[in-house]
Amino acid sequence: YAPWCPACQQIELTWESFAKESEHLDITVGKVDVSQEPGLSGRFFVTTLPTIYHAKDGVFRRYRGSRTLEDLQGYVLERKWEAVEPVAGWKSPSSIIMHGMAGLFHLSGWIRQIHSYLTGTLGLHVWLSYAVFVLTTLLIGLTLGL
């Protein structure tokens with residue numbers, strides 16, 4: 001979820017009610033702010049918000065059903081998740097490819113922080129910040145090429 005997302009705000013009360021019932025369902029319910037955890041966003045390949053996953057014994061399934069409390073509870077109680085095909089092995093959050101994707105999301109956040117530091121704290125012009133990144137990219141490429 002993301003705090004600025006209208007669809008996430010719409011499901012928030014239902015999700016909190018579902019979380020309160022989680023002990024009776026013998027499950028753990030959580031939520032992750034993708035704006036604060038970009039690595040998880042990359043690892044789970046989140047392309048729409050909110051995105052709901054069911055995980056059991058290291059097998060991940062994306063929930064695409066109705067977002068009512070009754071349907072969420074029924075998905076667990078009636079074991080409807082068993083009829084849902086698991087996330088493909090290469091797209092599984094535990095796969096090496098998704099670890100790499102998480103790394104790319106972390107790198108993009110790091111680059112954004114450096115850009116903010118250069119433009120905000122040091123007061124460099126935006127284009128000068130871009131020039132620093134271009135030169136850094138060229139130097140890294142040349143170094144790796146050697």
Side-chain angles (χ1 to χ4, degrees), residues 1-23 25 27-76 80-81 83-146:
Y1 89 102
W4 47 262
C5 167
C8 299
Q9 293 167 356
Q10 187 177 11
I11 192 178
E12 189 170 8
L13 292 176
T14 302
W15 192 253
E16 288 182 15
S17 297
F18 184 53
K20 287 177 186 173
E21 295 293 320
S22 65
E23 192 174 307
L25 299 171
I27 61 171
T28 302
V29 175
K31 66 180 181 179
V32 176
D33 181 350
V34 295
S35 60
Q36 297 296 317
E37 297 293 336
L40 283 177
S41 175
R43 181 170 287 185
F44 281 84
F45 208 68
V46 174
T47 56
T48 59
L49 293 175
T51 300
I52 300 173
Y53 277 96
H54 173 270
K56 180 156 178 75
D57 300 326
V59 178
F60 294 86
R61 292 172 172 87
R62 186 160 176 194
Y63 177 78
R64 298 181 189 268
S66 171
R67 308 282 171 95
T68 65
L69 180 59
E70 295 77 25
D71 287 330
L72 290 168
Q73 290 172 332
Y75 186 77
V76 175
K80 292 179 181 178
W81 52 270
V84 176
E85 190 168 330
V87 174
W90 69 271
K91 285 177 90 176
S92 174
S94 58
S95 75
I96 190 77
I97 293 172
M98 289 299 128
H99 281 285
M101 186 69 86
L104 288 175
F105 275 69
H106 281 295
L107 177 64
S108 71
W110 185 68
I111 289 171
R112 197 174 323 121
Q113 287 176 342
I114 292 173
H115 176 71
S116 295
Y117 175 76
L118 292 173
T119 57
T121 306
L122 296 181
L124 296 178
H125 191 274
V126 173
W127 288 105
L128 191 55
S129 174
Y130 293 159
V132 167
F133 284 110
V134 168
L135 290 174
T136 303
T137 302
L138 288 173
L139 287 174
I140 290 171
L142 287 172
T143 303
L144 290 174
L146 293 174

Arg67: side-chain hydrogen bond (donor to acceptor under 3.5 Å, both in side chains) partners, not counting sequence neighbours: none

May I ask you to test the [X]-[Y] pair for a side-chain heavy-atom distance under 4.5 Å?
| X | Y | answer |
| --- | --- | --- |
| Tyr63 | Thr51 | no |
| Val76 | Phe18 | yes |
| Leu49 | Tyr1 | no |
| Ile114 | Leu118 | yes |

Enclosure of Lys31 NZ (heavy-atom neighbours >12, cutoff 6.0 Å): yes

Answer yes or no: does atom OH of Tyr117 have more than 12 heavy-atom neighbours from other residues, nucleotides or ligands under 6.0 Å?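 Check fails, neighbour count at 12 or below.
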
Could you give the distance from OG (Ser66) to CG (Leu72), rounded to the nearest 0.5 Å? 7.5 Å

Rounded distance (nearest 0.5 Å) linking atom OG of Ser116 with atom CD1 of Ile111: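 Spacing of OG (Ser116) from CD1 (Ile111) equals 12.0 Å.
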
Is the distance between the ring centroids of Tyr75 and His54 under 6.0 Å? yes

Is the His115 ring parallel, tilted or perpendicular to the Tyr130 ring (thresholds 30°, 60°)? parallel

Check: Ser35 main-chain N/O paired with Asp33 side-chain donor or acceptor under 3.5 Å: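 A pair under 3.5 Å: yes.
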
Would you confirm whether Arg61, through its side chain, and Val84, through its main-chain N or O, come within 3.5 Å as a donor-acceptor pair?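 A pair under 3.5 Å: yes.
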
Take Arg112 and Ser108 through the test side chain to side chain contact (heavy atoms under 4.5 Å, CB included) and record every step on the way to the result. CA-CA 6 Å; Arg112 197 174 323 121; Ser108 71; 4.0 Å; yes

Which pairs of donor and acceptor atoms, one on a side chain in residues 2-15, lie under 3.5 Å apart (sequence neighbours left out)?
from, atom 1, to, atom 2, distance (Å)
Gln9, NE2, Pro3, O, 2.7
Trp15, NE1, Gly30, O, 3.2

Going through the checks in order, is the side chain to side chain contact (heavy atoms under 4.5 Å, CB included) test met by Gln73 and Leu25? CA-CA 8 Å; Gln73 290 172 332; Leu25 299 171; 4.1 Å; yes

Can you name the closest pair of heavy atoms from Thr119 and Val126 and give their distance? CG2-CA, 4.0 Å

Set of salt bridge (Lys or Arg N to Asp or Glu O under 4.0 Å) partners for Lys80, sequence neighbours left out: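 Only Glu78 meet the salt bridge (Lys or Arg N to Asp or Glu O under 4.0 Å) criterion with Lys80.
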
